[in-house]
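Everything on this sheet refers to the single structure shown next.
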Amino acid sequence: MKRAKKFPFQSLQRQRFHLNFDNVSSAADVPSEKDFYRWAFAALKDEYRRAEISLILLDEEEARAYNRDYRGKDYATNVLSFALNEGDVIPGQISDGLYGDLIICPQVVLKEAKEQGKTPEQHFAHLTMHGTLHLMGYDHIEDDEAEVMEAAEIRLMEAAGYPNPYQ
């Protein structure tokens, strides 16, 4: 009987990408840390050799405070991105390192998923990838930037087995 070759894929992947995950939200039925890891890695793996992202799940009141304090918008939003090396990399070019923080508010994500007729998993996957793309320098303020970012999101979601999030 042949022995399977051992390839340390997961070990190498963990050397490339580290996710600091914390769920301090009271929301039930949120995806696992492993799911968030998979979605963030899918977004960054082709453009970064190394990355470290902190992802925290916060309840609406705390998420609202961050959105108000850092963006001047007094409401809880689905995802907030804080790039620690923003502007150091041009989207589409391979870079050595990505460092940033993501805040996701599960209550907002679950509410939006229901309103949009999506599964919670689909919407969490989309917003994790969306937030990671923001950390990478993608934006959607200008129409031409939005087209590029949405095309990347659609490609990533479809590659992960999810439908186009904009349909």
Side-chain angles (χ1 to χ4, degrees), residues 4-60 62-63 65-67 69-71 76-110 113 119-140 145 148-162 165:
K5 290 183 182 179
K6 290 185 178 181
F7 185 75
F9 176 76
Q10 287 184 333
S11 174
L12 292 174
Q13 183 177 334
R14 297 266 182 217
Q15 290 173 13
R16 284 188 61 197
F17 174 49
H18 182 72
L19 179 69
N20 298 302
F21 178 80
D22 196 10
N23 180 4
V24 295
S25 168
S26 61
D29 299 324
V30 297
S32 70
E33 177 178 354
K34 188 175 181 179
D35 290 327
F36 286 107
Y37 183 98
R38 180 171 43 95
W39 299 326
F41 185 72
L44 64 84
K45 69 180 180 181
D46 292 335
E47 295 188 35
Y48 287 87
R49 289 185 185 98
R50 286 187 309 274
E52 185 167 341
I53 295 174
S54 293
L55 189 153
I56 187 167
L57 304 181
L58 295 178
D59 283 332
E60 287 179 273
E62 277 191 277
Y66 275 97
N67 201 28
D69 294 349
Y70 290 98
R71 296 181 64 228
T77 189
N78 49 26
V79 63
L80 291 167
S81 303
F82 300 94
L84 300 180
N85 55 341
E86 190 170 13
D88 291 350
V89 178
I90 299 168
Q93 292 184 348
I94 294 178
S95 174
D96 245 8
L98 173 70
Y99 306 95
D101 301 326
L102 294 175
I103 294 173
I104 295 179
C105 180
Q107 290 88 350
V108 173
V109 174
L110 294 167
T119 67
E121 180 183 346
Q122 277 176 255
H123 205 41
F124 274 107
H126 176 223
L127 292 172
T128 303
M129 292 177 188
H130 180 89
T132 303
L133 288 172
H134 273 306
L135 295 178
M136 295 166 59
Y138 288 82
D139 213 335
H140 48 80
E145 292 176 330
V148 171
M149 186 170 182
E150 287 178 14
E153 291 172 82
I154 292 165
R155 177 183 52 80
L156 290 168
M157 287 291 287
E158 289 178 347
Y162 298 106

If I compare all heavy atoms of [X] with all of [Y], which pair ends up nearest, and what's the gap?
{"X": "Ser26", "Y": "Gln107", "answer": "OG-NE2, 3.7 Å"}
{"X": "Leu135", "Y": "Ser81", "answer": "CD2-CB, 3.9 Å"}
{"X": "Gln122", "Y": "Met157", "answer": "O-CE, 3.5 Å"}
{"X": "Arg71", "Y": "Leu80", "answer": "CD-CD2, 3.4 Å"}
{"X": "Pro106", "Y": "Ile104", "answer": "CD-O, 3.2 Å"}
{"X": "Gly131", "Y": "Val79", "answer": "CA-CG2, 4.2 Å"}

Rounded to the nearest 0.5 Å, what separation is found between the [atom1] atom of [X] and the [atom2] atom of [Y]?
{"X": "Leu156", "Y": "Asp46", "atom1": "CG", "atom2": "CG", "value": "8.0 Å"}
{"X": "Thr77", "Y": "Glu60", "atom1": "OG1", "atom2": "CD", "value": "11.0 Å"}
{"X": "Phe36", "Y": "Leu127", "atom1": "CZ", "atom2": "CG", "value": "9.5 Å"}
{"X": "His18", "Y": "Tyr99", "atom1": "NE2", "atom2": "OH", "value": "12.0 Å"}
{"X": "Tyr138", "Y": "Thr132", "atom1": "OH", "atom2": "OG1", "value": "12.0 Å"}
{"X": "Leu102", "Y": "Ile53", "atom1": "CG", "atom2": "CD1", "value": "5.5 Å"}

Item to check | CA sep, side-chain torsions, deciding dist, call: Leu98, Arg50, side chain to side chain contact (heavy atoms under 4.5 Å, CB included) | outcome: CA-CA 6 Å; Leu98 173 70; Arg50 286 187 309 274; over 6 Å; no
Item to check | Plane angle bin for His140 and His130 - parallel if under 30°, tilted between 30 and 60°, otherwise perpendicular | outcome: tilted
Would you indicate whether the side-chain heavy atoms of [Y] and [X] approach each other to under 4.5 Å?
{"X": "Ile103", "Y": "Phe82", "value": "yes"}
{"X": "His126", "Y": "Glu153", "value": "yes"}
{"X": "Leu55", "Y": "Thr128", "value": "yes"}
{"X": "Thr119", "Y": "Phe124", "value": "no"}

Item to check | Asp59: salt bridge (Lys or Arg N to Asp or Glu O under 4.0 Å) partners, not counting sequence neighbours | outcome: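 Checked Asp59 against salt bridge (Lys or Arg N to Asp or Glu O under 4.0 Å); zero matches.
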Item to check | Within 6.0 Å of CZ in Phe21, more than 12 heavy atoms from elsewhere | outcome: yes
Item to check | CG (Asp29) with more than 12 external heavy atoms under 6.0 Å | outcome: no
Checklist entry - Going through the checks in order, is the ring pair (Phe, Tyr, Trp, His ring centres under 6.0 Å) test met by Tyr37 and Phe17? => result CA-CA 9 Å; Tyr37 183 98; Phe17 174 49; 4.7 Å; yes
Next on the checklist: Tell me every residue that passes side-chain contact (heavy atoms from CB on, under 4.5 Å) with Asp35, counting only those two or more places apart in sequence or in another chain.
Outcome noted: Pro31, Ser32, Arg38, Trp39
